[in-house]
**Student:** 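What follows is a structure written as structure tokens; I'll ask about it next.
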Amino acid sequence: MFYYLNGEITLLEENLAVVDCGGVGFACRTTAYTQSKLRVGQTAKLFTYCNIREDAFDIFGFSTREELRCFELLVGVTGVGPKAAIAILSSASPERFTLAIMTQDEKMLTAAPGVGKKLAQRIILELKDKLGSAVTEVDFSGSVGGAPIPAAGSNLALAQAALAELGYSGAEIASALKGVPVEGLSTEEIVKKCLRAMVMG
């Protein structure tokens with residue numbers, strides 16, 4: 001189906017962005033996170049997920065592939081539909097959502113309207129192994145200054161795994177960490193500083 005839509009944003013409403021592509025307005029259901037990056041009258045690219053049913057053809061659009069991947073993971077969880085997935089990702093950035101799963105932070109998930117404790121626990125249960133596998137998949141041999149590989153479960157290890165889940169390579173992560181003093185920082189702070197370093201670098 002559609003991989004992305006690239007065109008002028010002609011309308012923004014709550015959880016809705018309309019993208020004009022060649023004179024056709026595509027209505028994309030989206031998150032507050034993505035909408036914060038869009039402006040009416042400006043061109044934007046939205047990565048899409050199409051939900052086709054007998055009575056509907058819904059398009060969901062996201063400003064980054066990372067957020068699209070988080071959405072796809074969420075709708076793959078038993079009992080989580082597109083509406084709940086949009087609500088969860090409207091409450092947090094892709095990296096914050098990834099960290100919430102890896103650190104089993106139920107409060108972040110239940111902050112979304114309509115998401116109760118039981119559903120939050122199910123989301124964590126079904127996704128923690130998929131996200132947590134990044135700890136072992138990323139090559140950390142190029143760690144900062146030849147420092148030893150961080151212990152699994154440490155803030156640094158969780159931050160590295162979260163960055164890997166967002167699509168960054170081991171080399172990119174190691175390079176970003178060179179300019180980040182990680183001692184005493186929370187996992188989320190490390191991730192934010194690394195992302196800032198990657199953007200500026």
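In this chain, residues are counted from 1 in sequence order.
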**Student:** What closest approach, in Å, do Y4 and T48 show between heavy atoms, and which atom pair accounts for it?
**Tutor:** N-OG1, 3.8 Å

**Student:** As a quick check of understanding, evaluate side chain to side chain contact (heavy atoms under 4.5 Å, CB included) for L156 and L185, giving each step before the final call.
**Tutor:** CA-CA 9 Å; L156 179 54; L185 296 181; over 6 Å; no

**Student:** Show, in sequence, the C-alpha distance, side-chain angles and deciding distance for E8 and V19, and conclude whether the side chain to side chain contact (heavy atoms under 4.5 Å, CB included) test is met.
**Tutor:** CA-CA 6 Å; E8 181 183 340; V19 187; over 6 Å; no

**Student:** Could you measure the distance from the CG atom of L99 to the OG atom of S93? Nearest 0.5 Å is fine.
**Tutor:**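 If I round to the nearest 0.5 Å, the distance is 8.0 Å.
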
**Student:** Looking only at non-hydrogen atoms, find the nearest pair between L119 and G79 and report the distance.
**Tutor:** CD1-O, 4.1 Å

**Student:** Between D105 and R96 (salt bridge meaning N to carboxylate O under 4.0 Å), is one present in this structure?
**Tutor:** yes

**Student:** What is the minimum heavy-atom distance between L163 and C194, and which atoms define it?
**Tutor:**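 Scanning both residues, the minimum pair turns out to be CD1-CB, 3.7 Å.
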
**Student:** Are I123 and Y33 linked, directly or through other ILVMFWY residues, by side chains that come within less than 4.5 angstrom of each other?
**Tutor:** no

**Student:** Find the distance between CZ (F47) and CZ (F62) and round it off to the nearest 0.5 Å.
**Tutor:**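 If I round to the nearest 0.5 Å, the distance is 12.0 Å.
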
**Student:** Do L16 and V24 sit in one hydrophobic cluster, given that two such residues count as connected whenever their side-chain heavy atoms are within less than 4.5 Å of each other, even indirectly?
**Tutor:** no

**Student:** Same hydrophobic cluster for V75 and I124, using side-chain heavy-atom links shorter than 4.5 Å among ILVMFWY?
**Tutor:**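 Same cluster.
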
**Student:** Could you walk me through whether F71 and Y49 pass ring pair (Phe, Tyr, Trp, His ring centres under 6.0 Å), step by step?
**Tutor:** CA-CA 9 Å; F71 179 83; Y49 175 96; 5.1 Å; yes

**Student:** With no hydrogens and no angle check, is any side-chain donor or acceptor of R39 less than 3.5 Å from a backbone partner on S36?
**Tutor:**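 Side chain of R39 to backbone of S36, a donor-acceptor pair under 3.5 Å: yes, one is there.
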
**Student:** Considering the options F2, F60, F57, which one meets the ring-ring contact (aromatic ring centres under 6.0 Å, His included) requirement together with F26?
**Tutor:** F2

**Student:** Using side-chain heavy atoms (C-beta onward) and a distance below 4.5 Å, is D58 in contact with P82?
**Tutor:**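 Contact flag for D58/P82 side chains = no.
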
**Student:** How many angstroms lie between CG in N15 and OG in S90, if you round to the nearest 0.5 Å?
**Tutor:**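 Interatomic distance, N15 CG to S90 OG, rounded to 0.5 Å: 4.5 Å.
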
**Student:** For residues A164 and I173, report the shortest heavy-atom separation together with the two atoms involved.
**Tutor:** N-CD1, 3.7 Å

**Student:** In terms of side-chain heavy atoms, does E67 have a donor or acceptor partner in T34 at a distance below 3.5 Å?
**Tutor:** yes

**Student:** Any chance you could measure C50, atom SG, to Y3, atom OH, to the nearest 0.5 Å?
**Tutor:** 13.0 Å

**Student:** Please test K192 against E188 for salt bridge (Lys or Arg N to Asp or Glu O under 4.0 Å), starting from the C-alpha separation and ending with a verdict.
**Tutor:** CA-CA 6 Å; K192 285 182 178 179; E188 187 174 2; 3.5 Å; yes

**Student:** Would the distance check show the side chain of E189 and the main-chain N or O of S186 forming a donor-acceptor pair, the cut-off being under 3.5 Å?
**Tutor:** yes

**Student:** Step by step, would you call I88 with M108 a side chain to side chain contact (heavy atoms under 4.5 Å, CB included)?
**Tutor:** CA-CA 8 Å; I88 291 170; M108 180 259 128; 4.2 Å; yes

**Student:** First locate atom OG1 of T187, then atom CD of Q160, and finally report the distance between them rounded to the nearest 0.5 Å.
**Tutor:** 10.5 Å

**Student:** Could you report the tightest heavy-atom contact between N6 and A44, atom names first, then the distance?
**Tutor:**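 Minimum heavy-atom contact is OD1-O, 3.1 Å.
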
**Student:** Sub-3.5 Å donor-acceptor pair from the side chain of T110 to the main-chain atoms of E106, do we have one?
**Tutor:**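 Between the backbone of E106 and the side chain of T110 there is a qualifying donor-acceptor contact (under 3.5 Å).
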
**Student:** Supply the atom-to-atom distance T30 OG1 to L38 CG, rounded to the nearest 0.5 angstrom.
**Tutor:**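 One finds 6.5 Å between OG1 of T30 and CG of L38.
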
**Student:** Tell me, with the steps shown, if V77 and L127 meet side chain to side chain contact (heavy atoms under 4.5 Å, CB included).
**Tutor:** CA-CA 8 Å; V77 174; L127 296 185; 3.8 Å; yes

**Student:** What are the two closest non-hydrogen atoms of A176 and A197, and how far apart are they?
**Tutor:**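 Residues A176 and A197, closest heavy atoms: O-CB, 4.2 Å.
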
**Student:** Group every Ile, Leu, Val, Met, Phe, Trp and Tyr by side-chain heavy-atom contacts under 4.5 Å, then state whether I86 and L11 land in the same group.
**Tutor:**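 In one cluster with I86: L11, no.
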
**Student:** Is a side-chain N or O of Q35 found less than 3.5 angstrom from the main chain of L12, in a donor-acceptor match?
**Tutor:** no

**Student:** Is it true that atom CZ of R122 has more than 12 heavy atoms of other residues, nucleotides or ligands lying nearer than 6.0 Å?
**Tutor:**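 Above 12, so yes.
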
